[in-house]
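Numbers here are sequence positions counted from 1.
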Amino acid sequence: MCYIWSCEMQALGDYSLVGNYFISGCTPHNVEDDDDIDVDFGNWDGDHDDVGESEANSHGSIAKDLQQEMLENDTKIKSLVDVGFHEDEANMIITRCGVGVSFFVLVDSKNIPHHEVANMSSDSFGGRKKEIFKKEGKKKRKPYGGREQKSQPPMDGSHDEPMAFPNPMVGFNLPNDMVLSVDRKLPIQAIGPPFFYYENVAKAPRGVWRIISRTLYGVEPEFVDSKYFCAAARKRGYIHNLPTKNRAPLRPVPPKTIFEAFPHYSEWWPSWDSRRQLNCLTTCVPGAKLAERIECALARTDNPPSPRVQKYVMAGCKRFNLVWVGKNKVASLEPHEMENLLGFPKDHTRGVGITERYKSLGNSFQVDTVVYHLSVLRDMFPHGMNVLSLFTGIGGADVALHRLGIHMRIVVSVEISEVNRRILRGWWNQTQTGRLIEVPDVETLSDDIVESLIRQFGGFDLVIGGSPCNNLAGKNRFHRDGLEGEHSALFFHYFRILDAVKSVMAKM
């Protein structure tokens, strides 16, 4: 989640660069722990041996202002969550109304009846404990839509040992000879049609990947950081039954550094900013206030800035992938730049609001990584494929197959977001000759419908998708409930549908 003071940032120091967020408007699918950020915010009120008194005071004041705004913003987010809002709603409300408005104005902004507001007492704003208000009729989702959970593993923590990540996170191999290919043996249950490919955030809560792996027939996850495929990090786990040998990257190889991707930024890039790649691209970007504060901090120091100022600036730049667009001037990536880094065609998301563009891109596949994994299918299906795409998003899987030159005869796309469906539909109509069938929600895709589709089209060659990581990602401070969370429990629908496909196709 896009929270103001995440656990990772607390560990870095007392102050966080915040400013006003420009929030995506929905919980992100692909936000993860920022373990690539190795900077420390430092102690602005500490020793000033290498900083003049006036400089120390000015930056200390800036940091204190940021700290106060951060704490107030974080407190109000927590308060709204406690009275029944989702985190994304709380972020949006505060962004729209401002941090300085009262709690009751924030609540009124969503038109909650006054008699319900009156029953809320606030420990955050008045020192009193608040009663937790839950929206009437709101219930946690049940995996499989309430039916018997066939083959679902126990979720009692009895096997919650952490899944080991490779270091470096290169998966089973990379498109070069520097990393030896890993041999693996698939469990017997995973063999046979269709091919399947599942993705989610790598650094999930303890035990989650063990459960995902056991549920998906015991297949070992492949953990990959997309920084080996593009100029931005994206740590993901992939479970699939695809061959791992004879993979091949597309040519030309995508740029792997910031300056290869965006040469024009080198003009203003300071020598003390040593970044050559960007961190994970998320669904939210900071507002103008953060850039203004960084510019202010740099204007009041020497050139090059003192180590404390450099830490202050670099913390924000790394955290939010800010780039240098002028003297002492930073800015967020534009949507078309994110499209470039994620492997989508230019203007893929153009035509919807900028908030939706950031959200959709932040929740997408990194296409170049997926292309590499799916490249083994190119020679297997010279006459095209039938694809069942679950949690399609903006069509990262479809774009990957298209880039590989694989004709998609039929794609059944299951995606709940109308904005995402619009984006995919627009791209499909411009580039594809096959048939696109859209289903709005995995929960409505019953086993009977799955069987009907299989018999109508002769089966699926690939089932692909990545379920929501809302309750898995490290920044979701209040609802990081693992696979029992309301949104991330949808993973079990991926398994249910895949298992139904395998069962029906085995009988054909």
Side-chain angles (χ1 to χ4, degrees), residues 2-6 8-10 12-23 34 37-76 91 94-101 258 262 264-275 278-279 282 284-334 337 358:
C2 303
Y3 282 103
I4 304 304
W5 194 1
S6 70
E8 302 88 61
M9 299 306 280
Q10 289 186 54
L12 292 175
D14 291 335
Y15 304 118
S16 174
L17 286 170
V18 187
N20 287 337
Y21 277 106
F22 175 47
I23 301 296
D34 287 327
I37 301 177
D38 56 2
V39 297
D40 189 328
F41 286 104
N43 184 353
W44 287 84
D45 296 321
D47 196 12
H48 300 299
D49 289 345
D50 58 349
V51 184
E53 184 177 354
S54 61
E55 179 189 335
N57 289 339
S58 65
H59 293 305
S61 175
I62 291 172
K64 287 177 181 177
D65 289 344
L66 289 172
Q67 181 191 33
Q68 182 61 38
E69 181 178 323
M70 171 193 67
L71 290 173
E72 185 176 354
N73 197 95
D74 198 36
T75 299
K76 288 186 177 178
N91 268 308
I94 292 173
T95 301
R96 184 168 59 247
C97 299
V99 175
V101 303
I258 297 170
F262 311 116
H264 56 286
Y265 287 138
S266 61
E267 179 181 359
W268 298 107
W269 208 272
S271 59
W272 44 269
D273 184 346
S274 60
R275 289 178 296 161
L278 296 163
N279 279 308
T282 66
C284 57
V285 297
K289 189 177 288 187
L290 173 57
E292 181 183 345
R293 290 179 176 179
I294 287 177
E295 186 174 353
C296 178
L298 291 172
R300 298 179 182 179
T301 189
D302 297 330
N303 187 19
S306 69
R308 282 190 179 86
V309 175
Q310 289 185 29
K311 285 185 177 183
Y312 174 85
V313 171
M314 289 310 303
C317 289
K318 289 187 175 184
R319 179 80 168 160
F320 299 113
N321 287 318
L322 302 179
V323 291
W324 298 91
V325 297
K327 182 179 180 181
N328 296 340
K329 184 179 179 181
V330 293
S332 303
L333 292 168
E334 296 290 339
E337 293 173 321
Y358 280 120

Donor-acceptor contact below 3.5 Å, side chain R275 vs main chain C317: yes

Between CG on residue L278 and CG on residue N321, distance to nearest 0.5 Å: 4.5 Å

Between OG on residue S274 and NZ on residue K318, distance to nearest 0.5 Å: 5.5 Å

Nearest heavy atoms of T301 and S306, plus distance in Å: OG1-N, 3.6 Å

Sidechain-backbone polar pair: E295 side chain, K329 backbone, donor-acceptor under 3.5 Å: no

Between CH2 on residue W324 and OG on residue S266, distance to nearest 0.5 Å: 14.0 Å

Donor-acceptor contact present, side-chain N279 to main-chain R319, <3.5 Å: no

Flag side-chain contact, heavy atom, 4.5 Å: P270 against N303: no

Atom of W268, atom of K327 and distance for their closest heavy-atom approach: CE3-N, 3.4 Å

Nearest non-hydrogen partners of V309 and A297, listed with the distance: CG1-O, 4.2 Å

Shortest non-hydrogen contact from P286 toward L322: CG-CD2, 3.8 Å

L298 side, atom CG; Y312 side, atom OH - distance, nearest 0.5 Å: 9.5 Å

Nearest heavy atoms of P304 and W272, plus distance in Å: CB-CD1, 3.9 Å

Candidate pair V323 and W269, rule side chain to side chain contact (heavy atoms under 4.5 Å, CB included), full reasoning: CA-CA 8 Å; V323 291; W269 208 272; 4.0 Å; yes

Point-to-point distance, once rounded to the nearest 0.5 Å, from CZ of F320 to CG of L290: 6.0 Å

